[in-house]
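Below you'll find the structure, written out as structure tokens, and then a few comments.
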Amino acid sequence: MTTKSTYPLGDYQKLYINGAWVSPTDGATFESINPYDESVITHIAKASQDDALQAVQAARHAFDDGEWCTLSGKERAAYLRAIAAKIHENLEYLAYLEVLDNGKPIDEARWDIADTAGCFEFYAQLAEELDDTAETPVVLSDERFDSVARREAVGVAVAIIPWNYPMLMAAWKVAPALAAGCTMVLKPAEATSMTAIELGRIAEKVGLPKGVLNIVTGFGSELGDVLTTHPDVDKVAFTGSVPVGKHIMQKAASNVKNLSLELGGKSAFVVFDDSDIEQAVEWILFGIFWNQGQVCSATSRLLIQNGIYDKLMDRLVAEAKNIRMGSGLDIGVKLGPLVNEKQYRSVLSAINKAQADGIHMATGGKADFVKGYFVAPTIFTDVPTDHELWTTEVFGPVLAVRRFDDEAEAIRLANDSQFGLAAAVMSADDARCQRVARAFCAGIVWINCSQPTFTEAPWGGYKQSGIGRELGEWGLNNYLETKQITRYH
Ligand code: TAP
């Protein structure tokens, strides 16, 4: 059964620059492909570098000369709340667009859109609080002086986001940036541009002052350098792959921009002998197969203690085989297609390489669909620690499993990674869980679960998983500078 087969689609061939919908300067578009059946969903405006420049100029002008900077936090909060209300109002439609573009199951898309609205509401609250908290006194050792620390908007921010949670990833950057008083240029991933454009329509409907939010759809390889080197851009916030993150870091060095990066991961899930098997199966499956495994924090490395290994693996493989694949619009489907052909080929190539190297595949591989970018829930066992299946991010529904003997070995294996985004531990012994959680070298740690994400809590990674933290008050701080004002009296 399908939830609702169609909604009329909007116009996606315009860019949102300076509060107006404009055609790309060269009139170019690109196709948005439905990963379920490989059909063309619609055509999307393909911004030129000139369009990106215009967007930056609009954001600069809105920050320097527009009304935005004169508003109080409370007034900015009203816009954020109005955006959240419109997202709630259009939840079904926006979730439908995410399924078309990204392939994810509709229920997951609904959660994403509800979280997107929740993110705007959360930062509305923080924007209001800024009115009281922006200036705090600093106690100086010399009494002839007094001083305050004042938090102010960084300025013009550029957000470059990925395709795995299209609208939610936009919210993680747009909401705190606007709450802080920044203006922004948003560049969504080319594979999933529709809901970013819808966000522009919502911004327009709620009367967000012109130039505060500008949206340029197009190719990162063409627009990226303009957006990340332009001297009028003060801040770049990026979520995506490590290679592009490193490239952006170099480009943003041009005028030492404020930079936050949320990159990849290869997160470990450590399961001890005393764990409840059914609970472990549930969270392990969720941790790697949710969103088709296209999750930066996916717990894609599983470490199972010897005593529970055989029983747990039997149940895990049986349940992985039961996961229903299909159209994200069909009720009961738990695994949709991967986002696009590029990602599909990349994940299949990782699977084929592992098999060619003799690693045991307990279940999974290419799924039996005539069309669409489907990869079955895949589990490899006894994966060598120096194999790329263990060391590099697949970003698909592929789990790499190993056994371990004791706690020290589990911690060593979990931390032996270039990444440090997330980690999970499961055990009936809470003292052990707390110990292991503190020993993990990762920015996000889950005990007896995997992946729950809260707008209030910090999100980001150690090592090559990134720089800085999103969400919570940390997310707001990403878009604030701190100024010292000291007076001699
Ligand atoms: P990326 O290439 O990193 O794309 C992420 C964003 O960066 C997109 O908006 C992309 O635009 C843009 N971009 C691409 N080249 C750029 C450049 N030179 N300068 C500035 N921006 C640029 O990721 P992907 O191709 O979508 O996925 C590849 C791999 O990245 C995945 O397999 C996965 O490992 C990782 N990934 C990680 C995450 C998270 S949440 N950490 C999310 C998605 C992907 P276009 O879409 O137009 O290329």
Side-chain angles (χ1 to χ4, degrees), residues 28 30-33 35 44-47 49 52 101-102 104 112 158-166 168-170 172-173 185-194 196 215-230 233 236-252 254 257 259-267 290-298 300 338-350 373 375 388 391-398 418-422 443-444 451 453 459-461 463-468 470-471:
F30 62 96
E31 291 176 342
S32 179
I33 305 293
I44 309 281
K46 181 173 170 292
Q49 293 188 346
D101 240 1
N102 171 281
K104 63 177 67 193
D112 293 357
V158 158
I160 301 177
I161 58 167
W163 39 256
N164 53 349
Y165 293 93
L168 187 59
M169 289 299 101
W172 281 23
K173 293 176 172 44
V185 178
L186 169 67
K187 208 303 275 173
E190 66 194 61
T192 54
S193 303
M194 288 195 292
I215 298 165
V216 285
T217 48
F219 294 3
S221 53
E222 290 173 20
L223 308 177
D225 287 2
V226 173
L227 296 173
T228 55
T229 57
H230 198 291
V233 172
V236 176
F238 171 76
T239 297
S241 64
V242 174
V244 174
K246 286 180 178 173
H247 176 80
I248 287 177
M249 213 171 160
Q250 285 172 342
K251 294 291 163 187
S254 56
K257 293 185 199 308
L259 183 67
S260 45
L261 300 174
E262 210 274 81
L263 308 177
K266 191 77 188 180
S267 303
W290 179 42
N291 208 33
Q292 295 65 245
Q294 302 164 133
V295 183
C296 51
S297 59
S300 52
L338 299 187
V339 70
N340 58 17
E341 188 180 355
K342 181 180 157 210
Q343 196 60 17
Y344 173 68
R345 294 204 179 283
S346 156
V347 172
L348 280 185
S349 133
Y373 306 125
V375 174
E388 58 205 72
T391 58
T392 62
E393 188 175 43
V394 176
F395 222 65
V398 182
Q418 61 181 314
F419 299 110
L421 186 55
I444 306 144
Q451 308 303 317
T453 302
W459 183 275
K463 302 192 247 180
Q464 293 198 39
S465 289
I467 298 176
E470 296 196 286
L471 297 182

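Counting from 1, the numbers follow the sequence of the chain as shown. Start at 1 and go down the list; that is how both ligands and their atoms are numbered.
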In chain order, what residues pass the side chain to side chain contact (heavy atoms under 4.5 Å, CB included) check against Thr228, with sequence neighbours excluded?
-> Ile160, Asp225, Val236, Ile248, Lys251
Select all protein residues for which some heavy-atom-to-ligand 1 distance is less than 4.0 Å, and list them by chain and number.
-> Ile160, Ile161, Pro162, Trp163, Asn164, Lys187, Pro188, Ala189, Glu190, Gly218, Phe219, Gly220, Ser221, Gly224, Phe238, Thr239, Gly240, Ser241, Val244, His247, Ile248, Glu262, Leu263, Gly264, Cys296, Lys342, Gln343, Glu393, Phe395
Under 3.5 Å, side chain of Thr217 to main-chain N/O of Ala45, donor-acceptor pair present?
-> yes
Residues passing the salt bridge (Lys or Arg N to Asp or Glu O under 4.0 Å) test with Glu470, sequence neighbours excluded, are Lys173
Any donor-acceptor N or O pair under 3.5 Å, side chains Glu262, Trp459 | yes
Answer with yes or no whether the side chains of Gln451 and Ser297 bring together a donor and an acceptor at under 3.5 Å.
-> yes
Identify, with sequence neighbours excluded, every residue that meets side chain to side chain contact (heavy atoms under 4.5 Å, CB included) alongside Val339.
-> Asn102, Trp163, Ala191, Thr192, Gln294, Gln343
